[in-house]
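The first residue in the sequence is number 1, and the count goes up from there.
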Amino acid sequence: MQIDAHQHFWFFNAERDSWITEEMQRIRRDFLPADLEPVLKQNGMEGCVAVQADQSESETLFLLQLAEAYDFIKGVVGWVDLQAKNLYERLEFFSQFEELKGFRHVVQGEPDDFMMRPEFIRGVRQLAAFDLTYDILIYPTQLKAALHLVRTVPEVSFIIDHIAKPYIKDQKINTWSNYLTEIAKSPNVYCKVSGMVTEADWQTWKPEDFRPYLDVVFEHFGPNRLVFGSDWPVCLVAAEYEEMKSIVEDYVKPWGEDVRQKVFGGNAVKFYNL
């Protein structure tokens with residue numbers, strides 16, 4: 001099964017979705033399953049994982065309702081307050097939904113040490129009891145905290161979104177690479193090869209801009225812990241779906257069909273238990 005392991009749906013709300021700025025005009029509108037389904041079919045993808053974009057339980061329920069209505073949505077990564085005192089009860093509630101696979105917090109909008117906070121770590125640890133995953137969404141300055149988290153909670157399966165958003169536009173790589181190399185030593189961590197075009201120059205990026213970063217993640221995570229995601233519709237500010245997919249597909253080609261099948265589906269099925 002060919003899976004796009006990272007995309008979003010929303011009814012656009014300028015106040016709530018303030019992160020979608022004026023320069024991102026192309027995505028300042030609604031994006032729903034009916035918009036994505038033909039795009040997936042055109043690109044030979046059979047299913048997707050819908051990931052939260054808003055920090056609310058209503059967002060989680062919205063995505064779960066879509067997953068119930070559309071068979072091609074194979075899993076949902078929602079949001080829950082991982083620092084809440086009643087977290088266990090909320091996890092019990094959400095665990096009734098078969099399509100719910102894990103949770104995410106938009107840590108990129110938090111202080112760099114956010115994932116080192118005891119109450120956050122305590123919350124993430126509780127995911128293990130329900131066999132739920134955690135998506136790590138961060139900037140490179142937060143990689144130190146991510147390393148601390150994955151080492152402290154080895155019983156939870158983690159996946160790093162968008163290869164941790166390296167500064168591709170500025171061609172910075174060393175600090176990002178050093179931390180990612182350490183994180184990859186933890187066998188409970190996967191990495192999404194996703195979202196890279198939005199970290200490059202939106203107008204002038206070239207496929208070779210991504211090669212040094214792909215070299216790092218392929219060397220250290222290997223073909224069994226890397227997962228393709230389009231980051232649609234966010235990717236549209238810098239690239240069409242086909243372009244985003246071809247960057248990864250062209251890179252993977254020399255590795256052979258077996259590796260391509262893993263990166264474009266098999267590993268996502270395994271990680272999210274789709």
Take Tyr241 and Met45, measure what side-chain contact (heavy atoms from CB on, under 4.5 Å) needs, and give me the verdict at the end.
CA-CA 11 Å; Tyr241 191 104; Met45 307 301 281; 3.7 Å; yes
Side-chain heavy-atom pair [X], [Y] within 4.5 angstrom cut-off:
X: Asp250; Y: Pro207; value: no
X: Pro233; Y: His8; value: yes
X: Pro166; Y: Ile173; value: no
X: Tyr179; Y: Pro140; value: no

Atom pair [atom1]/[atom2] of [X] and [Y] - distance to nearest 0.5 Å:
X: Thr181; Y: Phe221; atom1: OG1; atom2: CZ; result: 8.5 Å
X: Lys165; Y: Thr141; atom1: NZ; atom2: OG1; result: 11.5 Å
X: Leu32; Y: Leu66; atom1: CG; atom2: CG; result: 7.0 Å
X: Lys41; Y: Leu36; atom1: NZ; atom2: CG; result: 11.0 Å
X: His162; Y: Ile168; atom1: NE2; atom2: CD1; result: 11.5 Å
X: Asp135; Y: His6; atom1: CG; atom2: NE2; result: 6.5 Å

Under a single-linkage definition using a 4.5 Å side-chain heavy-atom cutoff for Ile, Leu, Val, Met, Phe, Trp and Tyr, are [X] and [Y] assigned to the same hydrophobic cluster?
X: Leu137; Y: Leu132; value: no
X: Phe218; Y: Met196; value: yes
X: Leu226; Y: Tyr251; value: yes
X: Phe114; Y: Ile183; value: yes
X: Leu180; Y: Val263; value: yes

Is there a salt bridge (charged side-chain N to carboxylate O under 4.0 Å, His left out) between Lys245 and Glu242? Walk through the geometry before answering.
CA-CA 5 Å; Lys245 182 170 181 259; Glu242 297 79 6; over 6 Å; no
Search all heavy atoms of [X] against all heavy atoms of [Y] and return the closest pair with its distance.
X: Arg151; Y: Ser186; value: CG-OG, 4.2 Å
X: Ile136; Y: Ala146; value: CG2-CB, 4.4 Å
X: Ser194; Y: Gly229; value: CB-O, 3.0 Å
X: Cys48; Y: Leu40; value: CB-CD1, 4.2 Å
X: Ile163; Y: Cys191; value: CG2-SG, 3.6 Å

Only one of Tyr88, Phe93, Phe97 forms a ring-ring contact (aromatic ring centres under 6.0 Å, His included) with Phe130, so which one is it?
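Among Tyr88, Phe93, Phe97, the one that satisfies the ring-ring contact (aromatic ring centres under 6.0 Å, His included) with Phe130 is Tyr88.
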Any chance [atom1] of [X] has more than 12 other-residue heavy atoms, nucleotides or ligands included, within less than 6.0 Å?
X: Glu243; atom1: CD; value: yes
X: Glu46; atom1: CD; value: yes
X: Asp131; atom1: CG; value: no

Side chain of [X], backbone of [Y]: donor and acceptor closer than 3.5 Å?
X: Asn86; Y: Glu89; result: no
X: Asn188; Y: Val156; result: yes
X: Trp202; Y: Met24; result: no
X: Lys101; Y: Glu98; result: yes
X: Asp4; Y: Ser230; result: yes
X: Asp17; Y: Ile20; result: no
X: Gln52; Y: Thr60; result: no

I'd like to check the ring-ring contact (aromatic ring centres under 6.0 Å, His included) partners of [X]; sequence neighbours left out, ordered by chain and number.
X: Phe12; answer: none
X: Phe9; answer: none
X: Tyr167; answer: none
X: Phe94; answer: Phe103

Tell me, which pairs form a side-chain hydrogen bond (donor to acceptor under 3.5 Å, both in side chains) where one or both residues lie in [range], sequence neighbours left out?
range: residues 21-33; value: Arg26-Glu240
range: residues 257-267; value: Gln2-Arg260, Gln2-Gln261, Asn224-Lys262, Glu249-Arg260, Glu257-Arg260, Glu257-Gln261
range: residues 68-82; value: Gln55-Trp79, Trp79-His105

Apply side-chain contact (heavy atoms from CB on, under 4.5 Å) to residues Ile138 and Glu110 and explain how you reach the verdict.
CA-CA 9 Å; Ile138 52 171; Glu110 302 286 0; over 6 Å; no
Please test Val248 against Phe210 for side-chain contact (heavy atoms from CB on, under 4.5 Å), starting from the C-alpha separation and ending with a verdict.
CA-CA 9 Å; Val248 183; Phe210 308 104; over 6 Å; no
Glu57: partners by side-chain hydrogen bond (donor to acceptor under 3.5 Å, both in side chains), with sequence neighbours left out:
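With sequence neighbours excluded, Glu57 shows a side-chain hydrogen bond (donor to acceptor under 3.5 Å, both in side chains) to Arg90, given in chain and number order.
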Listed once per pair and sorted, the ring pair (Phe, Tyr, Trp, His ring centres under 6.0 Å) pairs that draw on residues 27-52, sequence neighbours left out
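Found Trp10-Phe31, Phe31-Trp232.
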Among residues two or more places apart or on two chains, list those pairs meeting ring pair (Phe, Tyr, Trp, His ring centres under 6.0 Å) that have a residue in residues 48-68.
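Of all non-adjacent pairs touching residues 48-68, those that pass ring pair (Phe, Tyr, Trp, His ring centres under 6.0 Å) are Phe11-Phe62.
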Members besides Phe271 in its Ile/Leu/Val/Met/Phe/Trp/Tyr cluster (side-chain heavy atoms under 4.5 Å)
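Phe271 shares its hydrophobic cluster with Met1, Ile3, Val49, Val51, Val77, Ile159, Tyr190, Val227, Val269, Tyr272, Leu274.
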I would like to know whether Val189 and Ile160 meet side-chain contact (heavy atoms from CB on, under 4.5 Å); could you show each step before the answer?
CA-CA 7 Å; Val189 187; Ile160 295 174; 4.0 Å; yes
Test side-chain hydrogen bond (donor to acceptor under 3.5 Å, both in side chains) on Tyr139 and Asp112; report intermediate values, then the result.
CA-CA 9 Å; Tyr139 289 127; Asp112 285 353; over 6 Å; no
When the side chains of residues 115-126 are checked against the rest of the protein, which donor-acceptor pairs come out under 3.5 Å, sequence neighbours left out?
from   : atom 1 : to     : atom 2 : distance (Å)
Arg125 : NE     : Glu155 : OE2    : 3.1
Arg125 : NH2    : Thr152 : O      : 2.9

